[in-house]
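Keep in mind that this is a model prediction, so the values were computed, not measured.
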Amino acid sequence: MNDTTLLLVGHGSRGREGNKETINFAAQWREQHPDWRIEVCFIEHAEVLLDAGLDRAAREAKRVVAIPFILNAAGHVKMELPHALEEARLRHPGVEFVVTRHLGMGREIFAVLQGQLDHLMKQLAVPDPMTTGVILLGRGSSDAGANGELAKMARWIFEDNDHELVDLAFTGVTWPRLETVVQRQVRLGMMQIAIVPVYLFTGVLIERIKEQVERLQRQYPQISFALGTHFGFDKGIFELLDRKADGDAEAGGMLECDGCKYREAAEAEHLHDHSHTAVHGEHHGCSHGHTHDTSHAHGCAHKHD
């Protein structure tokens with residue numbers, strides 16, 4: 001690791017606290033590995049964006065390992081990150097740039113979500129799971145594959161627990177929204193509802209979720225609600241990144257879209273400037289209303305996890 005820089009690539013939040021938490025996470029990770037060189041950048045809504053972060057990571061390094069510090073891979077991970085890596089390779093020909101998988105929705109994240117649910121059930125005084133609905137609440141994406149990853153987590157939660165209803169909802173971009181799913185669960189007889197936000201760090205959307213749940217509690221006074229929170233500082237997240245740094249970095253893997261000719265053909269239509277910090281759209285600052293996975297419609301046959 002002496003000549004390698006690990007670059008955590010966060011999504012970026014319109015709220016300063018979200019980016020600050022990502023930076024604090026990196027500081028704690030450095031404390032656990034004082035010999036590692038760890039840098040941080042963001043895709044949008046931050047001072048240090050992708051290009052600057054890659055340049056900073058390349059200083060006095062022979063190898064840069066970019067780690068998408070993002071739960072689900074949509075346009076940012078599939079399109080913009082590979083493009084930024086290609087540009088960085090041109091700017092720093094003597095440095096090897098590789099990228100690991102994003103955090104993903106595997107057994108590690110499932111364990112974190114299960115821990116969140118266990119905590120919420122205790123908060124509700126351990127009610128009958130058959131009358132306690134569960135809602136996994138994600139950010140939402142125009143990428144069906146990214147949304148499908150959350151659906152997989154909902155199914156795993158259902159399989160490993162006794163809850164009759166385990167649903168998913170999204171805070172933006174796609175459907176269903178939280179209010180609709182709560183209404184459905186109430187109609188189906190749920191007496192308690194546990195809401196598990198699938199978010200790493202705080203931000204504007206986390207605050208919005210709190211306001212929504214407060215409104216829902218007033219609308220359904222007969223229902224007991226328990227709301228979880230973001231989980232980026234969970235021990236399991238640190239352990240997952242340790243494995244990525246040790247395993248994926250040594251493997252020198254790359255995203256399927258890194259070097260994909262179909263992605264390159266779609267770049268002109270999809271890539272846009274993230275140097276802004278103002279709010280341009282509900283989800284991630286893009287006001288174009290396009291779908292980020294159009295590269296697949298152009299004939300990309302490989303699978304994006």
Q: Take Tyr199 and Thr171, measure what side chain to side chain donor-acceptor pair (under 3.5 Å) needs, and give me the verdict at the end.
A: CA-CA 11 Å; Tyr199 283 79; Thr171 53; 2.7 Å; yes
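Below 30°, between 30° and 60°, or above 60°: for Phe233 and Phe201 the angle between ring planes is above 60°, a perpendicular geometry. Note on ring orientation: taking the six-membered ring where Trp is involved, the planes of Trp36 and His33 are parallel (angle under 30°, cut-offs 30° and 60°).
Residue His119 places its NE2 atom among 12 or fewer non-hydrogen atoms of other residues, nucleotides or ligands, all under 6.0 Å distant.
Under the 3.5 Å distance criterion, the side-chain polar atoms of Asp3 are left unmatched by any main-chain donor or acceptor of Lys62. Of the possible polar contacts, one joining the His163 side chain to the Thr132 backbone as a donor-acceptor pair under 3.5 Å is found. Side chain of Asn19 to backbone of His45: a donor-acceptor contact under 3.5 angstrom is found. Within the 3.5 Å criterion, the main-chain N or O of Gly18 finds no donor-acceptor partner in the side chain of Ser13. Remark: the backbone N or O of Gly145 is paired with a side-chain donor or acceptor of Asp143 at under 3.5 angstrom. Between the Lys244 side chain and the Glu239 main chain, no donor and acceptor come within less than 3.5 Å of each other.
The one candidate from Lys20, Arg16, His230 that meets the side chain to side chain contact (heavy atoms under 4.5 Å, CB included) condition with Thr202 is His230.
Glu159 and Arg155 are joined by a salt bridge, as a carboxylate oxygen and a charged side-chain nitrogen come within less than 4.0 angstrom of each other. Using a 4.0 Å cut-off between a side-chain N of Lys or Arg and a carboxylate O of Asp or Glu, Glu96 and Arg89 do not qualify as a salt bridge.
To the nearest 0.5 Å, atom CE of residue Met153 and atom CG of residue Leu71 are 10.5 Å apart.
In the model, Asp167 has a side-chain atom that pairs as donor or acceptor with a side-chain atom of Gln185 under 3.5 Å.
Residues Asp162 and Asp128 form no side-chain contact, since every pair of their non-hydrogen atoms from C-beta on lies 4.5 Å or further apart. A heavy-atom distance below 4.5 Å is not found between the side chains of Leu49 and Cys41.
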